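Just so it is clear, the structure is predicted and the values come from calculations on it, not from any experiment.
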Amino acid sequence: MEPRYGGTLRYFGPGGMDHVDPACAYYAFSHQIIRLFARQLFGYPTAVDETALTPVPDVAAESPTVANGGMSPDGLVYRIRLRQGVMWDTDPPREVTAEDFVRGFKRMCNPVAGAGAIAYYTSTIRGMAEFADGYRREFAGRTPSAADLAGYQNAHEISGLRADGDRTLVVELVRPANDLLNLLSMMFASAAPREYDRFVPDSAEFIANVRSNGPYRLTGYENGRFLTMERNPVWRQDTDPLRHQYVDGLDVRMARVDDDRVREAIRSGEADLSWGAPVISEDRRPPDADRHLGYAMNPYLVFNMKSPNEGGALRDVRVRRAVAYAVDKASMVRLLDDMDLGTVTRTAHTAIPPGNFGHREYDRYPTPGDHGDPAKARALLAEAGYPDGLTLKALYRADAPHADIARYYAADLEKAGFTVELRLISQPDEYYRFLQNPAMAEAGEWDVTAAAWTPDWFGNNGRAYVQPMFQSNFAAGTSNYGGYRNPEVDRLIEEALSERDPVRAEELWHRIDRQVIEDVAIVPVLACEPTIPHMTSARVRNGLPLPQVDRWLDAACIWLDPPG
């Protein structure tokens, strides 16, 4: 049945977005909004089977192959043709061009609010690493204006990226990449109109002037208070194979409320969906195809290895190993089970969780029943020169269940001889902004935190855990939050990316996993199968989850029953 009624899709809950700008937004939660106004060359269909895991053309007219002339026989050159009729909501409306995608790639290298997974691109597209390095050097130690940034971008080129006319983008690679379409499906790789040259990325001015080439456009946003969207009048269904425009718009009300308040709002029809944190439906039935797609790591402990606190104690691997032995992972599973959050969790021991390319089960720091070993942790602290313990600043966010998780692992560390100072980041969206700022790490503003990681895509995703989290990357927007660096890990990543034999590549990703755990770059705590059956109001129809967007429901597929 073709839906006829429009109406406004209403959200309610705590928090805001990490970023509004596609060049730097990395919080999966934010992507459910950004994909409504920013389009990429490729994307994922919204489906309840495994087709949801394979990129298909979005603004691209077709998937490039050797047969259709879109890919060279050696896999190093792509000629990606754009579909006609994809328009910006500018005045007057203007067609999206290949140059808009070149601008988008340049913007993700900006030194103000850059892409958290920039290494995906700098290690793959010829000349992009040099462009990004030069961009950072140009403005090192000073704050650039929008004109400064645009001046650099327009005066410098990425040698492996160019527009051949308005409708063909040419991409030249450092090495063949069988996951290139996955990279081109990420929000970072969105097209950017020339109007964006007038604004500092992700600034208030940028947010007030966002342009749309998707089905909806942003009409208002105040972090932590509200977000509104309306239909984009120049969008056409026949130019967009991935999105629809069933509802008239979106209205998001943000407030510091608990799940019970959000649940009541949805039950009464005051809201249609939760915002910020998922509220689980009462029947608790996720779509069958939403299971077994691969586990996320949620939570894992990450260390600030640049922290000057306690004489730089966290640079000593014995201190980090003491933390690894101290954590009672089994009790954390019980905590989340008791919270009934709708997810399936198990204790984690590896950097690449089950269901992801490169995972092999092993346990470098075993404890009885995964309940921790405080005595062993204390012995390691004494060996490192801290027989009386040491103090750690633990960063956490207030939204459920993160405050409880922080209290749990803090209690475990206290039993092992640590003193833990909990530091609250009150707004969920500010938490990752804080972690992605290397200056905060170098200033010792935090020592340890419980973060979460869902892979950017499923299937052939070896790099989707390893590269953002563990490759050397200390630029603004980094996902290597604690500044971990191991030249051997960097070398193995390059080797794995160049390996064309899947069996050999899987072995390399596993070797990297073992090395980062040996170094205790992180402490895996729980592996989470994120089967989230979202609660919706009675009028919501066609609520389908987006696997790559942390199972949030696709607002571009939802329609609403009319009143009565």
Side-chain angles (χ1 to χ4, degrees), residues 8-20 25-34 36 202 204 207 218-229 249-282 296 298-299 335-336 338-343 394-408 422-436 446 449-454 528 530 532-537 540 543 545-546 549-553 555 558:
T8 298
L9 185 62
R10 299 167 303 194
Y11 293 77
F12 179 52
M17 296 163 63
D18 67 331
H19 301 283
V20 175
Y26 205 178
Y27 196 6
F29 168 68
S30 303
H31 289 180
Q32 64 175 325
I33 295 297
I34 294 173
L36 301 177
D202 207 45
I207 294 170
L218 192 67
T219 55
Y221 178 73
E222 185 174 331
N223 188 32
R225 291 195 60 210
F226 69 88
L227 179 149
T228 55
M229 303 187 83
L250 282 73
D251 184 4
V252 181
R253 288 186 298 122
M254 307 171 194
R256 292 296 305 278
V257 292
D258 60 22
D259 286 357
D260 288 339
R261 173 68 182 91
V262 177
R263 186 174 291 106
E264 176 54 35
I266 296 172
R267 188 180 291 117
S268 69
E270 176 189 351
D272 298 304
L273 285 162
S274 62
W275 175 263
V279 172
I280 307 304
S281 66
E282 292 166 344
N298 186 8
L335 166 69
L336 296 187
D338 290 345
M339 287 184 170
D340 204 20
L341 298 175
T343 58
L395 199 66
Y396 76 102
R397 44 188 168 146
D399 52 323
H402 304 288
D404 295 286
I405 288 170
R407 286 191 288 269
Y408 258 61
L422 291 173
R423 178 175 182 184
L424 171 66
I425 300 295
S426 59
Q427 291 293 340
D429 50 296
E430 289 296 330
Y431 174 76
Y432 281 105
R433 290 176 188 261
F434 197 103
L435 288 184
Q436 291 172 330
W446 64 280
T449 190
W453 192 268
T454 299
C528 169
I532 303 175
H534 290 268
M535 183 177 182
T536 68
S537 72
V540 168
L546 293 158
V549 190
D550 210 15
R551 274 58 169 204
W552 288 94
L553 303 187
I558 288 173

Original post:
Roughly how far, to the nearest 0.5 Å, is CD1 of I280 from NE2 of H534?
Top reply: 7.0 Å

**OP:** Using side chain to side chain contact (heavy atoms under 4.5 Å, CB included) as the criterion, point out the one residue from T228, I207, V252 that pairs with Y221.
**Re:** I207

Original post:
Roughly how far apart are T219 OG1 and L227 CG, rounded to 0.5 Å?
Top reply: 7.5 Å

**OP:** Report the residues that fulfil side-chain hydrogen bond (donor to acceptor under 3.5 Å, both in side chains) with T8, sequence neighbours left out, ordered by chain and then residue number.
**Re:** none

Original post:
To the nearest 0.5 Å, what is the distance between CH2 (W552) and CG (L273)?
Top reply: 8.5 Å

**OP:** List for me each residue that meets side-chain hydrogen bond (donor to acceptor under 3.5 Å, both in side chains) alongside D202, sequence neighbours excluded, and say none if there are none.
**Re:** H19

**OP:** For T536, check side-chain hydrogen bond (donor to acceptor under 3.5 Å, both in side chains) against everything at least two apart and list the hits.
**Re:** none

Subject >> Taking every non-hydrogen atom, the tightest pair across V262 and G13 >> reply: CG2-CA, 3.9 Å

Original post:
Please walk me through it: do R10 and D272 pass salt bridge (Lys or Arg N to Asp or Glu O under 4.0 Å)?
Top reply: CA-CA 5 Å; R10 299 167 303 194; D272 298 304; 3.5 Å; yes

**OP:** Say whether, by atom type as modelled, one donor and one acceptor occur between the side chain of T454 and the main chain of A296 under 3.5 angstrom.
**Re:** no

**OP:** Go through the structure and list residues passing side chain to side chain contact (heavy atoms under 4.5 Å, CB included) with A450, not counting sequence neighbours.
**Re:** P299, L301, I405, Y409

Original post:
Does the side chain of L36 reach to within under 4.5 Å of the side chain of L250, using non-hydrogen atoms?
Top reply: yes

Original post:
With sequence neighbours excluded, what pairs up with T449 under the side-chain hydrogen bond (donor to acceptor under 3.5 Å, both in side chains) test?
Top reply: Y431

**OP:** Please list, chain by chain and in numerical order, all residues satisfying side chain to side chain contact (heavy atoms under 4.5 Å, CB included) with Y408, sequence neighbours excluded.
**Re:** S331, M332, L335

**OP:** Work out which heavy atom in I266 is nearest to a heavy atom in S537; give both atom names and the distance.
**Re:** CG2-N, 3.4 Å

**OP:** Using modelled atom types only, decide if a donor and an acceptor are shared between the side chain of S274 and the backbone of V279 within a distance under 3.5 Å.
**Re:** yes

Subject >> Sequence-distant partners of R267, side chain to side chain contact (heavy atoms under 4.5 Å, CB included), two or more places apart >> reply: R263, E264, E282, M535

Original post:
Roughly how far apart are M17 CE and I34 CD1, rounded to 0.5 Å?
Top reply: 4.0 Å

**OP:** To the nearest 0.5 Å, tell me how far Y27 OH sits from Q32 CD.
**Re:** 10.0 Å

Original post:
How far does CZ of F12 sit from CE of M254, to the nearest 0.5 angstrom?
Top reply: 11.5 Å

Original post:
Given side chains that start at C-beta, do those of N298 and W453 come closer than 4.5 Å, heavy atoms only?
Top reply: no

**OP:** Write down the atom of D18, the atom of Y26, and the distance for their closest heavy-atom approach.
**Re:** OD2-N, 2.9 Å

**OP:** Answer yes when D404 and R407 have at least one side-chain N-carboxylate O distance shorter than 4.0 Å, and no when they do not.
**Re:** yes

Original post:
In chain order, what residues pass the side chain to side chain contact (heavy atoms under 4.5 Å, CB included) check against E222, with sequence neighbours excluded?
Top reply: R225, F226

**OP:** Check ring pair (Phe, Tyr, Trp, His ring centres under 6.0 Å) between Y11 and all other residues, then give those that pass, not counting sequence neighbours.
**Re:** W275

